[in-house]
Participant: 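Pasting in a structure now, in structure tokens, and then I'll have a few things to ask.
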Amino acid sequence: MKTPIATSEQKQSIPKKETDTILKVSNLSIFYGSNQAVKHATFDIDKNKVTALIGPSGCGKSTFLRSINRMNDLIPIARSEGEIMYEDVNILNKNINVVALRKEIGMVFQKPNPFPKSIYNNIAHALKFYGIQKKKVVDEIVEESLKKSALWDEVKDRLHESAFSLSGGQQQRLCIARTLAMKPNVLLLDEPSSALDPISNAKIEELILQLKDEFSIVIVTHNMQQASRISDKTAFFLNGDVVEYDRTETIFTNPSQQKTEDYISGRFG
Amino acid sequence: MVAREQFHVELKKVTGLIIELAEETERALQQAVHALYASDIELAHKIIEDDVDVDRKEMEINEEAILLIAKQQPVATDLRRLIVALRISSDLERMGDNAKNIAKATIHLGEDHGLTVHPVIEDMKEIALKMSDVAKKAFENEDITMAKKLAELDDKVDNMYGEVVREMLEETATNPQKIQHIMQMAFSARYIERFADHITNIGEDILYLVKGKSIDLNQ
């Protein structure tokens, strides 16, 4: 059963309308103490599309990504201003159910981080945490998630082996499967293939393109070619500002801002 | 330090090769028209032989551009710069072919054709060479105002070509036994008109390079 991330009182009274937007970011600022890491970011993230966040290290893109499922809550000096509207709820609202939010907005990190458990239990563990106990149901979700993450064929005969027996690329797809098992609406990927070899990277990219039919994906990447290959829209961050946000095709062929052009052409420095 | 300095150096090298190729095609046209007026068969043969150098240079530009695309994976303006280099070198190669075709017409005409080469052909050549000069400067400086001027000059060449063809047709009526020769003259005018068209294409490429969108200069 779906746990509401907010009570009806917490939901803001904005009219519901048919839209292709999954997340509406308005005037979002994020601070670490006195340092402002994200400055007044305002843009809509499209439903069932891949949105890439690019920019040099320290530009605020990962901070932005982490704020979408409230990972910044774990940093004591971090605070946010502005809004990220998701299903009519400002997910920055202090009173929302963060655990339920993270179930709907899942995240995969740069370095594969499987649990020290079997392949099967990496996925089953979270399901059990959320009260799904029936073996048949768990088995089905494990299989479905591994199929969606394009890992099933490689692991179906060794589901009870340690997740650490998998290669780096497989471990990352397992982490994606683990997130998919929660049936999220949004998938946040923080440089998911930067630690992988080109073949594993290509598999992750293929996977992302397949997954966007079902999920809305936001990906942070330092790989310009990856952003241009897999994303529909791209936001370029620099020193906390969103310098440009446009269709990926435009960003990589004819960006409107010189700073964007300089960055994507590798002319920074 | 400017990032990707080596890439810049290599891009400049491609630009330099394009300018060299443009100069070679200008020289070929200049000589071809001279050979036509002077019925200089020897020079006409030399122009045909020299066209191999034009073809070789076009290939060199293509190889450099493709290698840079593969090695540097350029985007936005850098990518357009290399795409435009490929397109311009192709137009320049065709311009070289047009000059070569005038040389072939000169050989067909022979030394004793007894006709006066229409004076407008010389004027057409002068405008075509001016266009080439404008195109080179517009390309080097990425100057779209200059690039747009090419369309006006091309219109002049087109009008002159129309004039030459009309007069040649009249001449075929009065001088039917010379029809083969007159046709060669008309073809020569046509080759200059095509030469100028290719320069207009280069103007469009410069607009694409700077603006990032395709613009038809003939409209």
Participant: Are the charged groups of B/Glu142 and B/Arg81 less than 4.0 angstrom apart, N to O?
Facilitator: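 Here B/Glu142 pairs with B/Arg81 in a salt bridge, since their nearest N and O are under 4.0 Å apart.
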
Participant: Flag the pair B/Lys130 and B/Asp133 as a salt bridge only when some basic side-chain nitrogen lies within less than 4.0 angstrom of an acidic carboxylate oxygen.
Facilitator: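 Here B/Lys130 does not pair with B/Asp133 in a salt bridge, since their nearest N and O are not under 4.0 Å apart.
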
Participant: Between A/Lys61 and A/Gly55, is there a donor-acceptor pair closer than 3.5 Å when you use the side chain of the first and the backbone of the second?
Facilitator: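 A pair under 3.5 Å: yes.
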
Participant: Between the main-chain N or O of A/Lys49 and the side-chain N or O of A/Asp46, is there a donor-acceptor pair closer than 3.5 Å?
Facilitator: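 A pair under 3.5 Å: no.
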
Participant: Verify whether one side chain among A/Arg102 and A/Asn69 offers a donor that lies under 3.5 Å from an acceptor in the other.
Facilitator: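 No pair is found: no donor N or O on one side chain lies under 3.5 Å from an acceptor on the other.
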
Participant: Between B/Asp197 and B/Arg194, is the closest basic N to carboxylate O distance under 4.0 Å?
Facilitator: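 So B/Arg194 pairs with B/Asp197 through a salt bridge.
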
Participant: Sort by residue number and list every residue of residues 219-239 of chain A having at least one heavy atom under 4.5 Å from chain B.
Facilitator: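 Listed by number, the contacting residues are A/Gln225.
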
Participant: Given heavy-atom pairs under 4.5 angstrom as the criterion, report whether the side chain, backbone, both or neither of A/Thr253 touches chain B.
Facilitator: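 Contact with chain B: backbone only.
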
